[in-house]
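What you see is a predicted model, and the numbers here were worked out from it, not measured in a lab. Labels below follow one simple rule: chain letters A, B, ... track the order of the sequence lines, proteins then strands, and each chain is numbered from 1.
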There are 2 protein chains.
Amino acid sequence: MDETAPQKGTVTQRAIEQIKGMIAEGRLEPGQRLPTERDLAVQLGISRSSMREAIRALTVLGVLEARHGSGIYVTQLEAGDLLETFGVVADLSRGPRLVELLEVRRILESTATALAAARITPDQLAEVEKHLTAMNATDDPEEILAHDLAFHREIAAAACNDTMAAILEGLSSRTFRARVWRGYQEEGAFARTRREHAAIHRALVARDPEAARAAAAAHVGEVEQWLRAQLGG
Amino acid sequence: MDETAPQKGTVTQRAIEQIKGMIAEGRLEPGQRLPTERDLAVQLGISRSSMREAIRALTVLGVLEARHGSGIYVTQLEAGDLLETFGVVADLSRGPRLVELLEVRRILESTATALAAARITPDQLAEVEKHLTAMNATDDPEEILAHDLAFHREIAAAACNDTMAAILEGLSSRTFRARVWRGYQEEGAFARTRREHAAIHRALVARDPEAARAAAAAHVGEVEQWLRAQLGG
DNA sequence: CCCTGGAGGTGGTCGGACCACTATCGGTCA
DNA sequence: TGACCGATAGTGGTCCGACCACCTCCAGGG
């Protein structure tokens with residue numbers, strides 16, 4: 001019979017699963033501090049090097065947080081923490097997958113905008129308007145892009161679904177949009193973008209979910225169709 | 001002036017970004033083999049330990065793949081590879097976030113099912129039917145769950161959007177559904193689930209996207225509302 | 001020609017050493 | 001008495017060298 005460990009996979013992989021399991025079972029609470037690397041290594045019967053690799057892996061996944069000189073802590077396990085790595089998908093995708101990502105974004109963004117139309121608060125709406133006007137007041141592509149991102153981020157937040165907002169954040173990551181928009185903007189899409197943003201804003205003010213859904217879907221769909229055409233020929 | 005490295009963050013973090021950058025820039029192609037850990041460490045001017053941590057991090061993200069005794073390779077960078085970690089979000093989420101995840105799944109699953117109604121091939125439809133009948137022919141919860149997963153997986157694949165399918169795969173990960181369904185099934189939801197699956201199947205056969213969308217949304221929505229009630233009181 | 005065995009190269013693991021940073025506790029000074 | 005501050009122990013971060021387990025490939029024998 002096997003005694004303690006069935007020796008499946010690398011010791012590091014096993015350590016990752018064990019720590020993940022401890023959190024899933026509730027033995028490690030969000031924000032709680034873990035034992036030191038040295039102690040953890042002893043507890044799991046592995047070397048500190050392997051334990052460090054496991055900790056590093058869970059760190060990039062947004063599950064753990066290492067503070068130099070202080071200790072290792074479990075993150076708050078919020079959607080933003082865990083879905084931060086979602087951005088790498090967008091950053092490393094090319095060709096057809098970019099279209100797929102935009103399709104996913106269109107579906108989620110349109111729904112999120114519809115929800116926002118029903119739930120947005122006056123303060124949030126004012127914030128949306130701030131970015132809308134700021135975006136219309138400049139010609140600097142960098143600044144436009146920044147306010148564009150903030151515009152959609154504020155709307156996503158108003159939808160009251162942090163998970164959805166975090167996914168959309170990854171699908172709109174700066175490097176991702178910069179790559180797609182580099183070409184899109186060159187075709188004089190600024191005016192069109194401003195019109196579409198205005199339409200989304202009108203739907204939010206009117207608290208009309210269906211109009212908001214349509215406006216958001218059309219907005220993302222524009223870019224999606226353009227990109228599809230770029231790849232097709 | 002800074003010469004080579006501005007010393008931002010840990011050396012491991014820097015190595016992760018550099019390798020990721022090499023892939024993003026196309027200097028490393030999917031499937032290509034990387035230099036050895038020892039060589040990479042020398043190239044980036046860090047120790048092998050730190051380099052190993054960086055490689056491990058990129059491995060868990062699904063970007064790299066280490067083959068013992070052979071070398072380190074870039075994955076195909078397909079949606080499945082990169083979104084595998086999406087499952088940990090589902091596994092580590094509790095309480096209100098489970099509802100949020102189900103809401104996201106409802107949105108994506110309904111759209112994917114609608115797309116599938118228009119695009120599914122006879123072979124794929126046959127596969128769907130196979131899991132449908134197999135699911136109805138047994139009372140073993142384990143087997144039902146397995147065929148349930150396969151049922152939706154096949155439909156997602158028929159939607160012709162690998163990225164969406166990969167996300168849905170993560171949102172339906174075995175441990176996630178097992179946790180939610182443990183209680184749901186106890187309330188005699190088997191019959192209802194079978195009815196709903198039958199409705200989805202009818203819509204697929206009829207090639208009716210709107211009916212498929214509604215049936216899928218209702219199906220996921222059922223579980224979502226049940227879970228919402230569980231948490232609410 | 002096929003098969004086999006060994007050698008070299010690769011990732012996987014380990015232990016120890018040292019550095020950089022942080023938190024804490026003690027004493028010192030106003 | 002109180003606030004300030006420096007020493008100190010403990011933490012993660014980095015590096016090194018060694019050895020092990022595994023794969024690949026090719027030379028040599030059948």
Can you tell me which nucleotide in D:dC22, C:dT22, C:dT13 comes closest to the side chain of A:Val11?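 Among D:dC22, C:dT22, C:dT13, the one nearest the side chain of A:Val11 is C:dT13.
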Among the nucleotides D:dT14, D:dT11, C:dT13, which one has an atom lying closest to any side-chain atom of B:Arg56?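 Between D:dT14, D:dT11, C:dT13, the one nearest the side chain of B:Arg56 would be C:dT13.
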[N] [atom2] sits how many Å from [X] [atom1], rounded?
{"X": "A:Leu34", "N": "D:dT11", "atom1": "CG", "atom2": "P", "result": "13 Å"}
{"X": "A:Ile72", "N": "C:dC21", "atom1": "CD1", "atom2": "C1'", "result": "15 Å"}
{"X": "A:Glu65", "N": "D:dG13", "atom1": "CD", "atom2": "C1'", "result": "16 Å"}
{"X": "B:Arg67", "N": "C:dG9", "atom1": "CZ", "atom2": "P", "result": "20 Å"}
{"X": "B:His68", "N": "C:dG11", "atom1": "NE2", "atom2": "C1'", "result": "5 Å"}

Have a look at B:Ile55 and say if it touches a base, only the backbone sugar-phosphate, or nothing, with a 4.0 Å heavy-atom cut-off.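 Nothing: the residue B:Ile55, judged by heavy atoms under 4.0 Å, touches no strand.
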Mind listing the residues from residues 37-52 of chain A sitting with a heavy atom below 4.0 Å of DNA chain D? Number order is fine.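 Nucleic-acid contacts, sorted: A:Glu37, A:Arg38, A:Arg48, A:Arg52.
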Reckon B:Thr12 has a side-chain N or O less than 4.0 Å from the OP1 or OP2 of D:dT14?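 The answer is yes; a side-chain N or O of B:Thr12 sits under 4.0 Å from OP1 or OP2.
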Do B:His131 and B:Glu154 meet the criterion of a side-chain donor-acceptor pair at a distance under 3.5 Å?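 There is no such pair between these side chains.
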Given B:Val74, B:Ile72, B:Ile16, B:Thr75, the one that forms side-chain contact (heavy atoms from CB on, under 4.5 Å) with B:Leu58: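 That would be B:Ile16; it is the only one of B:Val74, B:Ile72, B:Ile16, B:Thr75 passing the side-chain contact (heavy atoms from CB on, under 4.5 Å) with B:Leu58.
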Hey, do the aromatic rings of B:His197 and B:His147 have their centres closer than 6.0 Å?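 Ring-ring flag for B:His197/B:His147: false, centres at least 6.0 Å apart.
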State whether the number of non-hydrogen atoms from other residues, nucleotides or ligands found under 6.0 Å of A:Gln124 atom CD is greater than 12.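 Yes, the 6.0 Å shell around CD holds more than 12 heavy atoms from other groups.
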For A:Ile107, is there any backbone N or O sitting under 3.5 Å from a side-chain donor or acceptor partner on A:Thr111?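 Checked: pair present.
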For B:Ala159, does its backbone N or O pair with a side-chain atom of B:Arg119 as donor and acceptor, under 3.5 Å?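 Yes, because the side chain of B:Arg119 sits within donor-acceptor range (under 3.5 Å) of the backbone of B:Ala159.
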